[in-house]
Protein chains: 2
Amino acid sequence: MRIVISMGSRRRSGTGVEAATDGKGEARTALLRLGAWLEERGLKHSRQRDVIVETFYGMGGHVPVDGLVARVRALDARVSVATVYRTMKLLAECGIAVPRRFDDGQTRYEPSTGRSHHDHLICTGCGRIVEFENERIEELQIRVARSHGFEVESHKLELYGRCDRCRRAEPGARDPRP
Amino acid sequence: MRIVISMGSRRRSGTGVEAATDGKGEARTALLRLGAWLEERGLKHSRQRDVIVETFYGMGGHVPVDGLVARVRALDARVSVATVYRTMKLLAECGIAVPRRFDDGQTRYEPSTGRSHHDHLICTGCGRIVEFENERIEELQIRVARSHGFEVESHKLELYGRCDRCRRAEPGARDPRP
DNA sequence: CCCATACTGATAACGATTCTCATTATCCTA
DNA sequence: TAGGATAATGAGAATCGTTATCAGTATGGG
């Protein structure tokens, strides 16, 4: 399955104050948070990490590592694959990025600063990924788990299907004439 | 993460008539279905496929391919890895087995004859896998998808957490004395 | 029994990710 | 501001699960 990167709709706050989200501001926030996190544990920061974080936030959405590598290398050809993998892992650890593994076997990362938990709708036609939240489902999950003696730590909910666009463009649409 | 194979509870019919499910009867059903399916499309059947199906049903639960390979080879050392992979794919195609990919990167198969749809609870402590069904959650999924213009074809819901056993055995349990 | 053709086994290849290790960069201290 | 401890890097080898290749084998209809 080919998966295409796209954000669902960006949530905008009602105030309009902190709504500027072209990636730049978020990248800055992320870099600050990363800096603090590194310092706390005696780690160093580096040019590569900065480039990677900025590129990552510039891409937005659900970024596959190889795509990120390509973009980063357009800016600095010497950055190695290993470093990108290492850095993304780091970002995940410090809470700046969330790793996702859909059904195509590669890890994607999504920026997480200021974003709340959500699940995904994935179009099996065009690969579009849409995010959604549903409080009721979350509650039911917790309840079901509890009824089996489990305490939920995390979950994965992915809905695979065809988006409206793809369904419209599909054979089987009842249009007798070509 | 290590994942341990185990079925949730087997559903037994109220009649008690078709309740014999030690794997043998199911294996037979599966073999019959496979036979018919192969014949329909001019494919041939083979000793290897029989061995694999029987072993697979003998194991029950969520069977990782490498585990299946090991067991099959205990019966017939010449069966190759490739054949096991090929056969499991075949079984999936003809509806005898369902492939599952949890978060540890390997494909597991579960027997599907006479079993209905369900999702999974996975213990992050001991790897135990428990199955559950929840009609309400399914409904909500369909509704949420529809509200985003999607028509659901399939979904994946996995709840990760700690089972009661593991929680009991855990540090943090408030038992002041050892 | 024969033959077309599907199936098999062994192994190479694959894609995503991680590891290794020699080299380089960072940053704390004097 | 130089020195040094040590974290980070790059390049490529290694790993893991899985699939492809291809020559040899087995199946089953005629």
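Since this is a predicted model, take the numbers as computed values, not measurements.
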Listed pairs, N/O of protein and of nucleotides 2-4 of chain C, under 3.5 Å:
none

* When you check the phosphate oxygens OP1 and OP2 of D/dA26, does a side-chain N or O of B/H45 lie under 4.0 Å from one of them? ->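 Checking B/H45 against D/dA26: no side-chain N or O falls below 4.0 Å of OP1 or OP2.
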
Does [X] have any side-chain contact (heavy atoms from CB on, under 4.5 Å) partners at least two apart in sequence or in another chain, and if so, which?
| X | value |
| --- | --- |
| B/H117 | B/D119, B/E138, B/H155 |
| A/E153 | B/T124, B/R162 |
| B/Q48 | B/S46, B/V79, B/T83 |

* **A/R78, CZ atom: more than 12 neighbouring heavy atoms under 6.0 Å** =>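 Atom CZ in A/R78 is not crowded, with 12 or fewer foreign heavy atoms closer than 6.0 Å.
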
Can you tell me how far [atom2] of [N] sits from [atom1] of [X], to the nearest Å?
| X | N | atom1 | atom2 | answer |
| --- | --- | --- | --- | --- |
| B/E39 | D/dG28 | CD | P | 8 Å |
| B/L90 | D/dT19 | CG | C1' | 15 Å |
| A/L34 | D/dA7 | CG | P | 16 Å |
| B/M88 | D/dT19 | CE | C1' | 16 Å |
| A/I52 | D/dT9 | CD1 | C1' | 10 Å |

* To do: Verify the distance criterion only: is there a donor paired with an acceptor across the side chains of B/E110 and B/H62 at less than 3.5 Å?
  =>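 Present: a donor and an acceptor within the cut-off.
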
* Asked: Do B/H118 and B/E133 have a side chain donor and acceptor closer than 3.5 Å?
  ->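 No, because no side-chain N or O of B/H118 sits under 3.5 Å from a partner of the opposite role on B/E133.
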
* Parallel, tilted or perpendicular: which fits the ring planes of A/Y109 and A/F56, with parallel below 30° and perpendicular above 60°? ->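 Because their plane-to-plane angle is over 60°, the rings of A/Y109 and A/F56 count as perpendicular.
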
* Base-contact (B) and sugar-phosphate-only (S) positions in nucleotides 8-21 of chain C, heavy-atom cut-off under 4.0 Å, - elsewhere -> BBB-----SSBBB-

* What residues, two or more places apart in sequence or in another chain, satisfy side-chain hydrogen bond (donor to acceptor under 3.5 Å, both in side chains) together with A/R136? ->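 Result, side-chain hydrogen bond (donor to acceptor under 3.5 Å, both in side chains) vs A/R136: A/E139.
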
